[in-house]
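Structure first, commentary second.
Just the heavy atoms: all of them, side chains too, but no hydrogens, waters or symmetry mates, feed the values below. Residues take their numbers from the sequence shown, with the count starting at 1.
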Amino acid sequence: MGTLYAIGEVLIDFIPRQAGQALKDVVSFERAAGGAPANVAATAAKLGSTASIITKLGNDAFGDFLLEQLTEAGVRIDLVKRTGEANTGLAFVSLRADGERDFSFYRNPSSDLLLTGEEIDPDVFQAGDLLHFGSVDLVESPMKQAHVKAIDAIKSRGGIVSFDPNVRLPLWNDHEAYRQTIQTFLPKAHLLKISEDELGFITGIPDEEQALASLFTGDVQAVIFTKGSQGADLILPQQRFKSDGFKVKAQDTTGAGDAFIGGFLHQLLEHKATPQNLSSILSEEHAALLRFSNACGAITTTGKGAIPSLPTVEQVEEIIAKENESHV
């Protein structure tokens, strides 16, 4: 089986102890390891895949904590760099009563943005590997160039590229520049994951069907269109497969989308996916792929913080079995 590489931000999420309050009114927080790429890698690792994170952390206590958490989750950290030039990134999260979130980020810059293209070793990637990335670390920085180098390297060796824009508008002063940056990176991916809330912003197209169709550009072979608790659609150029979500009592939706795509990529590794066979695997295995991934996302919402709440294979199988029983 290949390796899942995730590149980008690894940070501390400060989760409020009280839900249903504005961020300015929260009195106390709990720290949790976070950052979308870290969550995706940790999901795949916890499910049994080989997963590695590519990032840079500060020479500080928070960086030490994140390395411990990643290691405990089973993520390889041999490609993580450290620096004294910037601190590890922080994100303060406010939870509404329904588990949805507001963010306040502390990074100007944070250590992850200082990873350079020269620090990317193209020889670590092999055919059968996957590279996953988001948009948070695509601001103008050394890390943006590190993304370009990593993407080019894994594609040159026959690996698959997965992109979840994971839009975070508070991190960008110029939202039009943000949109254009995402659109620049979209064609570089074989697989896209986009949520209902992100589609209009990214494409600028109000009609949903036209917006989804516009995503098939460059190397894009498939789009995963996520709809929160309502499930997700897997869209190929000539096919669309729908799926339902799982009904759970959500405490914190942080990392749910990351767990979904982490579970999806874990399955692609199990199927030995390549750019050549990706479309056929998705078409033939769509039901199982979506069911497993929806379960991963749902389970993650039942706890606080992403990495501490990520699912095991046993938990996924259990929730799927219960759902099957309810339909008998």
Side-chain angles (χ1 to χ4, degrees), residues 6-16 22-24 26 29 31-43 53-56 62 66 86-96 98-115 132-144 146-147 162-186 189 192-204 224-228 252-262 297 300-301 305-307:
I7 184 171
E9 74 278 6
V10 182
L11 47 76
I12 303 288
D13 283 330
F14 282 97
I15 310 295
L23 191 57
K24 67 180 179 64
V26 176
F29 296 84
R31 69 175 182 179
N39 297 338
V40 172
T43 300
I53 189 75
I54 304 172
T55 194
K56 182 173 280 190
F62 289 133
L66 288 170
N87 292 327
T88 301
L90 309 177
F92 289 82
V93 185
S94 174
L95 296 179
R96 301 203 301 260
D98 60 1
E100 289 298 329
R101 308 143 296 156
D102 292 318
F103 292 91
S104 181
F105 293 90
Y106 286 71
R107 53 176 227 161
N108 193 30
S110 51
S111 56
D112 48 297
L113 295 176
L114 301 186
L115 186 72
H132 178 78
F133 71 103
S135 72
V136 166
D137 269 11
L138 297 181
V139 294
E140 290 302 326
S141 66
M143 177 55 113
K144 182 179 180 180
H147 275 69
S162 162
F163 181 25
D164 175 4
N166 201 29
V167 172
R168 294 289 179 263
L169 292 174
L171 290 174
W172 292 68
N173 294 324
D174 186 338
H175 291 176
E176 184 55 34
Y178 192 12
R179 185 203 319 273
Q180 291 175 6
T181 299
I182 292 173
Q183 290 179 344
T184 297
F185 278 82
L186 284 177
L192 299 177
K193 175 196 165 293
I194 289 184
S195 71
E196 280 183 308
D197 296 338
E198 296 167 336
L199 182 64
F201 169 75
I202 290 170
T203 65
I224 302 171
F225 186 47
T226 58
K227 299 179 286 187
D252 178 7
T253 59
T254 303
D258 304 329
F260 178 101
I261 192 63
T300 303
T301 68
I307 290 180

>> Does any part of the side chain of V167, heavy atoms only, come nearer than 4.5 Å to the side chain of I182, both counted from C-beta?
In response: yes
> Under 4.5 Å between any side-chain heavy atoms of F260 and I224, yes or no?
Replying inline: yes
> Do V139 and L171 come within less than 4.5 Å of each other through their side chains, counting heavy atoms only?
Replying inline: no
> Can D197 and S195 be counted as having a side-chain donor-acceptor contact under 3.5 angstrom?
Replying inline: no
> Looking only at atom types and distance, does a side-chain atom of E196 sit under 3.5 Å from a main-chain N or O of F225, one as donor and one as acceptor?
Replying inline: no
> For the side chain of Y178 and the backbone of R168, is there at least one donor-acceptor N/O pair under 3.5 Å apart?
Replying inline: yes
>> Just to verify, which of L11, T88, D112 counts as forming a side chain to side chain contact (heavy atoms under 4.5 Å, CB included) with T55?
In response: D112
> Are there more than 12 heavy atoms of other residues, nucleotides or ligands under 6.0 Å from atom CG of D174?
Replying inline: yes
> Would you call the rings of F62 and F14 parallel, tilted or perpendicular if under 30° counts as parallel and over 60° as perpendicular?
Replying inline: perpendicular
>> Just so I know, are the side chains of F163 and H147 near enough to count as touching, which here means a heavy-atom distance under 4.5 Å?
In response: no
> Are L114 and S111 side-chain neighbours, meaning at least one heavy-atom pair lies under 4.5 Å?
Replying inline: no
>> So that I can tick it off, tell me whether R107 and D137 are bridged by a salt bridge, with the cut-off set at under 4.0 angstrom between side-chain N and carboxylate O.
In response: yes
